[in-house]
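Notes for the one structure printed next.
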Amino acid sequence: MSSSAEIEPLDASYLTEPNLEDVKRQLGIYEGGRIKLTKDEDSGVAYLCIDHAEKKNCFSGKMMVDFNDAVAELEKWETGKGLILYSSGDLFCSGSFLNVVKQLTDDPNHGYRASCLMHDSVQRLRNLPLVSVAIVQGKSIGGGGEIMLSTDFRLFTQNTLVAYVQAKMGITTAWGAGMFLKQKVGHSKALDYILTGRKILTEEALAVGLADGIVNHETRLDDALTWLNARIQHLPTSLVRAQKRNILATSFLEERQVLGSLWGRPSHLNALNQNYKHY
Ligand SMILES: CC[C@@H](C(=O)O)C(=O)SCCNC(=O)CCNC(=O)[C@H](O)C(C)(C)COP(=O)(O)OP(=O)(O)OC[C@H]1O[C@@H](n2cnc3c(N)ncnc32)[C@H](O)[C@@H]1OP(=O)(O)O
């Protein structure tokens, strides 16, 4: 029996940690929609598009696989400094493709395996040495509200509505919001959002830090690029990537290792020679 201070461990013995390549083979057969990745070498900004507008950008199994592959490709992109995650149509993402979910309810391991793959994707996206921003237009429902938390920043349109409906669906979050939402808005507000599934509109999202800015729906990609470039365009790629690595650091050791990678390098020496009077 655990002490009262510890959380009672869940009996999850029937759930087994899968091989992700096996999961990809299993989920890849469930077609529908597309994940599109383009990388602009001139600007150093990549564009990752959730494209299943006809079904409100819900994630089919194949899209989960392609999303993971796109993140893996971005991990290898050594000349990149920014990432814009966006979606086609009038709505960001409506979570899982329920037509697929309904085919996978006979074994809890199916949900567990899909969650393993999406956890791998959102954690690795968060850890990319790129400054990432999600454009959240229209509605972001269930898993959509989770994917948008994997980027560093979020830009909403005026009419954005986020709702964590997982509890209403008889489950919990499964694509990272249990941790990411708590980190973003705090324990109490995250629990309130998840228990109630209530609408979070743009004004509230800005107030609680779930949104970092506003874009116009029609010009959302240009607006997002302008917003992102205001933060990365003035710095060399190596310095942008170092700042992201540093903010991800979980120890002072990591911070001084990143510092050491820049100390005495051209950007450092050039700045010292400017004898700046900053403000
Ligand atoms: C991480 C947990 C994860 C899980 O594992 O399940 C979850 O995401 S839980 C949440 C799952 N998602 C939902 O429950 C969303 C259900 N859909 C809606 O609430 C609404 O469709 C909407 C997203 C609010 C949009 O409403 P609206 O703009 O009115 O569009 P329609 O309802 O007419 O939808 C158009 C079209 O798209 C289909 N659709 C929408 N979402 C999904 C989805 N998640 N899965 C499958 N299909 C979806 C909808 O059925 C319509 O199809 P047609 O009737 O064939 O045109």
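For this chain, numbers begin at 1 and follow the sequence in order. Counting starts at 1 for both ligands and their atoms, in listed order. Note that these values count all heavy atoms, side chains included, but never hydrogens, waters or copies made by symmetry.
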ask   = Could you give all pairs that pass the side chain to side chain donor-acceptor pair (under 3.5 Å) test and reach residues 135-147, with sequence neighbours left out?
value = Ser87-Gln137, Glu146-Gln166
message = Quick test of your reading of the model: are Lys76 and Glu73 salt-bridged, counting only N-O distances below 4.0 Å?
response = no
task = Before accepting this row, confirm whether a basic side-chain N of the pair Asp152/Arg126 lies closer than 4.0 Å to the acidic partner's carboxylate O.
result = no
ask   = Under the 6.0 Å and 45° cation-pi test, does Arg265 pair with Trp263?
value = no
What does the N/O contact table under 3.5 Å look like for ligand 1?
unit_1, atom_1, unit_2, atom_2, d
ligand 1, 5 (O), Ser96, OG, 3.1
ligand 1, 8 (O), Ser96, N, 3.2
ligand 1, 8 (O), Gly143, N, 2.9
ligand 1, 12 (N), Ser94, O, 2.8
ligand 1, 41 (N), Ser94, OG, 3.0
ligand 1, 44 (N), Ser94, O, 3.1
ligand 1, 44 (N), Ser94, OG, 3.3
ligand 1, 44 (N), Ser96, O, 2.8
ligand 1, 45 (N), Ser96, O, 3.4
ligand 1, 45 (N), Leu98, N, 2.9
ligand 1, 52 (O), Lys55, NZ, 3.4
ligand 1, 55 (O), Lys55, NZ, 2.7

request  = Sequence neighbours left out, what pairs pass ring pair (Phe, Tyr, Trp, His ring centres under 6.0 Å) with at least one residue falling in residues 7-50?
outcome  = none
Listing, residues 208-217 side-chain donor-acceptor contacts under 3.5 Å, not counting sequence neighbours, or none:
unit_1, atom_1, unit_2, atom_2, d
Asp212, OD2, Arg154, N, 2.8
Asn216, OD1, Glu218, N, 2.9

